[in-house]
There are 2 protein chains.
Amino acid sequence: MKKPDRPEIPRKTIYRLSIYLRCLARLKDNAIRTVSSEALAKVAGVKSTQLRKDLTYFGQFGTRGLGYDVEQLSAMITNELGTKSLQPVVLVGVGNLGLALLSYRGFEKEGFEIVAAFDLDPKRRRDKKITQPILGMDQLADVIREKNVKMAILTVAVAAAQEVTNTLVTCGITGILNFAPLVLHVPEEVMVNNVNLAIELENLSYFIQGG
Amino acid sequence: MKKPDRPEIPRKTIYRLSIYLRCLARLKDNAIRTVSSEALAKVAGVKSTQLRKDLTYFGQFGTRGLGYDVEQLSAMITNELGTKSLQPVVLVGVGNLGLALLSYRGFEKEGFEIVAAFDLDPKRRRDKKITQPILGMDQLADVIREKNVKMAILTVAVAAAQEVTNTLVTCGITGILNFAPLVLHVPEEVMVNNVNLAIELENLSYFIQGG
DNA sequence: CCTTGTGAATACGTTCACAGCT
DNA sequence: AGCTGTGAACGTATTCACAAGG
């Protein structure tokens with residue numbers, strides 16, 4: 001099920017598109033209607049040629065001698081990223097980090113809704129009020145099917161991560177945002193994005209002390 | 001202040017070293033003493049040639065026909081990453097995410113200690129018990145100097161992020177783990193690692209629905 | 001025979017240089 | 001004149017193919 005007509009867009013380009021989108025949103029807030037690749041690239045932290053190259057994967061959107069229409073470019077990227085409609089997500093593993101993400105307001109704003117959280121012990125005492133229901137793992141399959149969920153946030157302990165992942169895949173999840181510090185093994189059609197906080201720190205630490 | 005003698009190790013290699021280290025730790029737990037590049041690469045989710053190439057940047061550690069000594073390789077990587085000694089870190093911005101990270105036990109295990117947290121309103125009511133002190137921004141400079149802190153975790157709101165960053169840089173911080181969804185502008189000698197949760201989800205979303 | 005270590009080949013991503021609009 | 005759009009050049013990272021060692 002590959003997209004044949006388009007010349008295979010690099011992962012990194014897609015990633016940067018998300019960044020551009022956020023920069024454009026801030027320009028809009030400041031009532032700026034037009035922006036040059038030079039200016040936008042500056043705030044996005046990339047070179048202007050890179051920005052332009054990134055955009056050419058999707059067509060031509062600028063006016064030579066003038067720049068880009070903020071509103072229009074913003075709409076194009078939103079459309080390409082497919083974040084127009086609210087997308088349902090489940091979260092599995094309601095520990096410290098899971099709880100924090102459940103109360104994190106940053107997701108909805110970007111078009112994602114955590115429709116439910118799951119935990120081995122859903123009744124466990126948690127000292128924080130959240131709006132989403134915390135359900136037992138036995139209800140996972142039903143919710144995923146009913147709400148047509150495709151993505152999951154995984155915040156369980158390392159020991160449980162691979163097993164839970166297998167369950168998620170069986171239930172039809174095809175995208176996993178994994179916070180557990182291990183490499184998940186999944187079928188080819190499933191995509192995993194890892195966020196490993198300890199590694200990020202370790203990485204910083206290496207480079208700042210004269211690697 | 002560049003390292004001259006070594007042939008410039010790729011960023012991605014350093015990143016993978018952290019992954020190998022975690023895989024080796026699990027092998028050690030299972031009392032496995034020797035591992036082939038093939039086997040280790042498998043659990044680390046990379047190709048065996050890549051693993052071997054990564055290691056050659058640091059020397060020769062394997063025995064042909066046999067593989068690598070788990071303990072020895074583990075020690076080598078730990079040594080290279082410089083995570084032998086406990087490193088002090090400060091956290092700025094004690095909101096939902098900040099609180100969660102303060103109670104996250106994963107850092108210490110990897111050699112990092114959050115020595116203090118800072119917030120504009122340190123006395124604000126927080127429904128969670130944590131062990132680290134929450135201090136006002138006015139004490140930031142003192143703590144950083146006293147404890148010789150070089151790294152900071154930034155979990156403040158977007159609106160405050162750049163200003164807080166400037167302060168951190170002034171205080172001598174040279175490594176920032178940034179959770180605020182914007183591109184921070186810092187002097188060249190300061191390194192920023194970004195963790196943007198909304199972007200990770202957006203990215204997944206793009207690729208799973210037949211990008 | 002098995003597995004490492006590595007130069008060479010390849011693939012990929014970025015930057016340059018400049019042609020082409022407005 | 002100013003800024004976009006893009007093929008070509010460059011640099012970097014990955015993979016191959018195989019020589020070398022236990």
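Per chain, numbering begins at 1; letters A, B, ... match sequence-line order.
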> Does a salt bridge link B:Asp29 with B:Arg26, judged by any charged N lying under 4.0 Å from a carboxylate O?
Replying inline: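 Salt bridge between B:Asp29 and B:Arg26, a charged N being under 4.0 Å from a carboxylate O: no.
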>> Does this structure show an ion pair linking A:Lys28 with A:Glu71, if we count only N-O contacts that are shorter than 4.0 Å?
In response: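 Looking at A:Glu71 together with A:Lys28, the answer is yes, because their closest N to O distance falls below 4.0 Å.
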In whole angstroms, how far is the [atom2] atom of [N] from the [atom1] atom of [X]?
| X | N | atom1 | atom2 | result |
| --- | --- | --- | --- | --- |
| A:Lys42 | D:dC3 | NZ | C1' | 16 Å |
| A:Lys47 | D:dT6 | NZ | C1' | 18 Å |
| B:Phe61 | D:dG21 | CZ | P | 18 Å |
| B:Leu51 | D:dC16 | CG | P | 15 Å |
| A:Leu55 | D:dT4 | CG | C1' | 10 Å |
| A:Lys53 | C:dC16 | NZ | P | 13 Å |
| A:Gln50 | D:dG11 | CD | P | 16 Å |
| A:Met76 | D:dT4 | CE | P | 14 Å |

> Can A:Glu110 and A:Arg105 be said to form a salt bridge (Lys or Arg N to Asp or Glu O under 4.0 Å), step by step?
Replying inline: CA-CA 9 Å; A:Glu110 309 293 348; A:Arg105 299 287 117 228; over 6 Å; no
Under 4.0 Å between a side-chain N/O of [X] and OP1 or OP2 of [N], yes or no?
| X | N | value |
| --- | --- | --- |
| A:Arg52 | D:dG5 | no |
| A:Gln60 | C:dC21 | no |
| B:Arg16 | D:dT14 | yes |
| B:Tyr68 | C:dG5 | yes |
| B:Thr49 | D:dC16 | no |
| B:Ser37 | C:dT4 | yes |

> Hey, are the side chains of B:Tyr68 and B:Leu40 touching, using non-hydrogen atoms and a 4.5 Å cut-off?
Replying inline: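 B:Tyr68 vs B:Leu40: side chains apart.
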>> Can you identify which nucleotide, out of C:dT4, D:dT14, D:dG7, has its nearest atom closest to the B:Lys12 side chain?
In response: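 The listed nucleotide nearest to B:Lys12's side chain is D:dT14.
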>> Both B:Glu38 and A:Thr63 contact DNA chain C. Which one's nearest nucleotide lies toward the 5' end?
In response: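 Closest to the 5' end, via its nearest nucleotide, is B:Glu38.
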>> Just verifying a value: how many Å separate A:Leu140 CG and A:Cys171 SG, rounded to the nearest 0.5 Å?
In response: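 With rounding to 0.5 Å, CG (A:Leu140) is 4.5 Å from SG (A:Cys171).
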> Counting only distance, no hydrogens or angles, is the base of C:dT22 paired donor-acceptor with the side chain of A:Arg64 under 3.5 Å?
Replying inline: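 Looking at the base of C:dT22, it does not pair with any donor or acceptor on the side chain of A:Arg64 (distance under 3.5 Å).
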